[in-house]
Protein chains: 2
Amino acid sequence: MTRVTIADVALHAQVSRSAVSKVLRDAYGVSPSMRARVLAAIDELGYRPHVAARALRGHTSTLGVLLPDLRNPFFPDLVDGVVEEIAGTGYEVVISQGGRGPASESRAIHALIDQSVGGIVLVAPLSPQSDLEAIAATVPVVVLGRHDRSPRYDAVFDDDEVGAELVVEHLAGLGHRRIAHIAHRDSSRGEPATLLQAIRARAYERAMVRLGLGEHADIAWTTYTEEGGHKGVGELLSRPEPPTAIFAGADLAAIGALAALREAGLAVPDDVSVAGYDNSWLAALAHISLTSVDQSGVTMGRTAGRLLLERIGGRTASARISITPTLVPRRTTAAVS
Amino acid sequence: MTRVTIADVALHAQVSRSAVSKVLRDAYGVSPSMRARVLAAIDELGYRPHVAARALRGHTSTLGVLLPDLRNPFFPDLVDGVVEEIAGTGYEVVISQGGRGPASESRAIHALIDQSVGGIVLVAPLSPQSDLEAIAATVPVVVLGRHDRSPRYDAVFDDDEVGAELVVEHLAGLGHRRIAHIAHRDSSRGEPATLLQAIRARAYERAMVRLGLGEHADIAWTTYTEEGGHKGVGELLSRPEPPTAIFAGADLAAIGALAALREAGLAVPDDVSVAGYDNSWLAALAHISLTSVDQSGVTMGRTAGRLLLERIGGRTASARISITPTLVPRRTTAAVS
DNA sequence: ATAGCAATGGAGAACGTTCTACATCCCGTC
DNA sequence: GACGGGATGTAGAACGTTCTCCATTGCTAT
């Protein structure tokens, strides 16, 4: 019933606790014979190191990933990437759900840190940069999905400027002029301007201007959720001149947009074209077949994992890595009729 | 840079470490004045308890949830339920991804236990009952989605018998006779017979027999994934007499089925009806509008959370709770033509 | 021989908590 | 004025590791 400890192993193998610890840590000063005896004892007793005790001494074996929400179909790709990258390092990944708003996000982050993780990957966190830097002073941090420049933590993001341009150019190329955007604005005021959602919206506006469509630029500020997309379309359709194409900042929002358009009796892509962002598996579903921007979540996850391991390994210089997205045209976008 | 410990707080508040600990634990023997001083010091120094140190003394503040996979749209409902139920108890929830096969599942479970969680919720685990009982000897366990009877852990599941019957009756009521089923069989041999996937398949067969359709019963054994659904339809369409209705054991598989049917040039529901299971948000999407069985994931999650708290609180008697599902008809099922 | 050194093993002090004993103080009672 | 007893506070031993020293060996080179 009671836990098997190093002391038990030591007793069973007729060596000291220190010796067992050395074997466990692959430390210097272990004869092959002792190593064998200890390993045998470990096996026989079914010993498992007590992670909390190790943590108390400063050792870690877990990495944390903060996800804003479990429903976004893009996030599993990121997690898969991180998991792939750290496979074989002895680290395990645990996930925590950030929830709505910076307050619950902060709770979730601290829950992770309290678990004495060796490092954390924050996916599109809402907290201000100063908060993140405070956290990064405690534990290695990689931020995913924000274009932050920080000397304290690493940032990995896709080039949302390029992504937004790809979409606008694609739609404009199909003859659309009234191209609207569904953007994400969090309930909390003071959302960081480096967050991907902010960048996508700004890049959309710039692209519109650059293509001479500045006067048609029109943004519905809702959220990157199914509901948000639905609401966004509601707003856009009530304009004097409704758009003929909609660029939703996330696949999930695009899905909501599709639903709303159908309810409004509009055909996609015949009446209105729709494009998303993330190229999640949802977009690829034959029933949806959504034109979307691929930002290779797995690659981003892998990159984040690698950077985190590097930081844990001692790197202090800050990295900032941008990944270039590509457009995946599918059946929700077509030439304007 | 260095961590603020109880000793620092004690020094600052001019009391003993024991006193601070007492305040922290709300223990007996604390004068109001001392409590105030200590709380002030805690606040001033920004003290946060070191969870690992507590864990070493046997205290826990985290509950673990094991998910087989992050992509299944039903699971977030479960997590939400657990989170809701434990809100305000001071526990935090961390999630671990089981992955494919019992080996990686076992790794994930142990990763959770190693974090010294106070208890774990296992969602549709593949491990044999004896393994789960061994785990339950270490830490409180609630198993979700298996009809296990175990004296060592609690089980929460929806009544898959009823669910399967609802679907078969619904389809039969629409005049279908050749109703096929897409089932989940894991790569690993020796999958527990109490797992929901096994029960659904058996209940489907029984329902078919009961309605006098026994000779038309036809199961494609693939997996509860989009891919599995796709493959399942491929199999079923190659039969001499293909089905006119398909009951997929999970929404995700139903989605795959829809895609495959479309590729085969068959219209849903005109040529073939399709029903899923879970009533996840995916099924509700206007673009999909999938007939599905609702098993109220949030309620199941809440129940699991409650049982776990009870077990942590000392209950040793085993609970086994069944939740009755309902059918949600949508646009993918219609009368046979 | 003997100093010197590499190789091996162990003692014991942390790490930050909890919690059981115990010490002290203050009052009221007989 | 001694005694009992509640209220309050503290000392110090765990918990299971890691890791720095130190002790012991057995060689090698002088």
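Each chain gets a letter, A, B and so on, in the order the sequences are listed, and its residues count up from 1.
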Asks: To the nearest 10°, give me the bend of the helix from C/dA1-D/dT30 to C/dC30-D/dG1, comparing the axes of its five terminal pairs at either end.
Replies: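 Terminal axis comparison yields 60°.
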Asks: Could I get the full list of ring pair (Phe, Tyr, Trp, His ring centres under 6.0 Å) partners for A/His12, not counting sequence neighbours?
Replies: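 For A/His12, no residue satisfies ring pair (Phe, Tyr, Trp, His ring centres under 6.0 Å) once neighbours in sequence are set aside.
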Asks: On DNA chain C, reading 5' to 3', which nucleotide is the first and which the last to sit with an atom under 4.0 Å from a heavy atom of chain B, could you check?
Replies: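 Reading along DNA chain C, I get C/dG16 to C/dC19.
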Asks: Check for a donor-acceptor pair, side chain of B/Glu105 on one end and backbone N or O of B/Ser127 on the other, with a separation under 3.5 Å.
Replies: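 Indeed, once roles are kept as given, a pair shorter than 3.5 Å links the two residues.
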Asks: Which pairs with one or both residues in residues 4-30 of chain A pass salt bridge (charged side-chain N to carboxylate O under 4.0 Å, His left out), sequence neighbours excluded?
Replies: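 Found A/Asp26-A/Arg35.
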Asks: Not counting sequence neighbours, list each pair that qualifies as a side chain to side chain donor-acceptor pair (under 3.5 Å) and has a residue in residues 76-95 of chain A.
Replies: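 Matches after skipping sequence neighbours: A/Asp77-B/Arg71, A/Asp80-B/Arg71, A/Glu84-A/Arg302, A/Glu85-A/Arg302, A/Glu92-B/Arg107.
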Asks: Could you list the residues that satisfy side-chain contact (heavy atoms from CB on, under 4.5 Å) with A/Thr299, not counting sequence neighbours?
Replies: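 Partners of A/Thr299 under the side-chain contact (heavy atoms from CB on, under 4.5 Å) test: A/Ser296, A/Thr303, A/Ile323.
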Asks: Side chain of B/Thr60, backbone of B/Ser116: donor and acceptor closer than 3.5 Å?
Replies: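 Pair absent, no side-chain N/O of B/Thr60 close to backbone of B/Ser116.
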Asks: What residues from residues 32-40 of chain B pass a heavy-atom cutoff of under 4.0 Å to DNA chain C?
Replies: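 Nothing qualifies; none.
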Asks: Does B/Ala7 offer a backbone N or O that forms a donor-acceptor pair with the side chain of B/Thr5 under 3.5 Å?
Replies: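 Checking the backbone N and O of B/Ala7 against the side chain of B/Thr5, a donor-acceptor pair under 3.5 Å is found.
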Asks: Among all residues two or more places apart in sequence or in another chain, which pass the side-chain contact (heavy atoms from CB on, under 4.5 Å) test with B/Ser150?
Replies: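 Residues passing side-chain contact (heavy atoms from CB on, under 4.5 Å) with B/Ser150: B/Gln129, B/Glu133, B/Arg152, B/Tyr153.
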Asks: Going by heavy atoms closer than 4.0 Å, what residues in residues 13-27 of chain A are next to DNA chain C?
Replies: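 Within residues 13-27 of chain A, the residues near DNA chain C are A/Val15, A/Ser16, A/Arg17, A/Ser18, A/Ala19, A/Lys22.
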Asks: Which pairs pass salt bridge (charged side-chain N to carboxylate O under 4.0 Å, His left out) with one or both residues in residues 44-68 of chain A, sequence neighbours excluded?
Replies: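 Every salt bridge (charged side-chain N to carboxylate O under 4.0 Å, His left out) pair that includes a residue of residues 44-68 of chain A, provided the two are not neighbours, is A/Arg48-B/Asp114.
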Asks: Write down the distance between CG (B/Leu56) and P (D/dT18), rounded to a whole number of angstrom.
Replies: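 Value for this atom pair: 12 Å.
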Asks: Within the 3.5 Å criterion, strictly below it, is a donor on A/Gln115 or A/Thr62 matched to an acceptor on the partner's side chain?
Replies: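 Absent: no donor and acceptor within the cut-off.
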Asks: Apply side chain to side chain donor-acceptor pair (under 3.5 Å) to A/His50 and list each qualifying residue two or more places apart in sequence or on a separate chain.
Replies: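 Partners of A/His50 by the side chain to side chain donor-acceptor pair (under 3.5 Å) criterion come out as none, since no residue qualifies.
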Asks: Enumerate the side chain to side chain donor-acceptor pair (under 3.5 Å) contacts for residues 308-320 of chain A, please, sequence neighbours excluded, ordered by first and then second residue.
Replies: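 Qualifying pairs: A/Asp154-A/Arg311, A/Asp154-A/Arg315, A/Arg306-A/Glu310, A/Glu310-A/Arg315, A/Arg311-A/Ser318.
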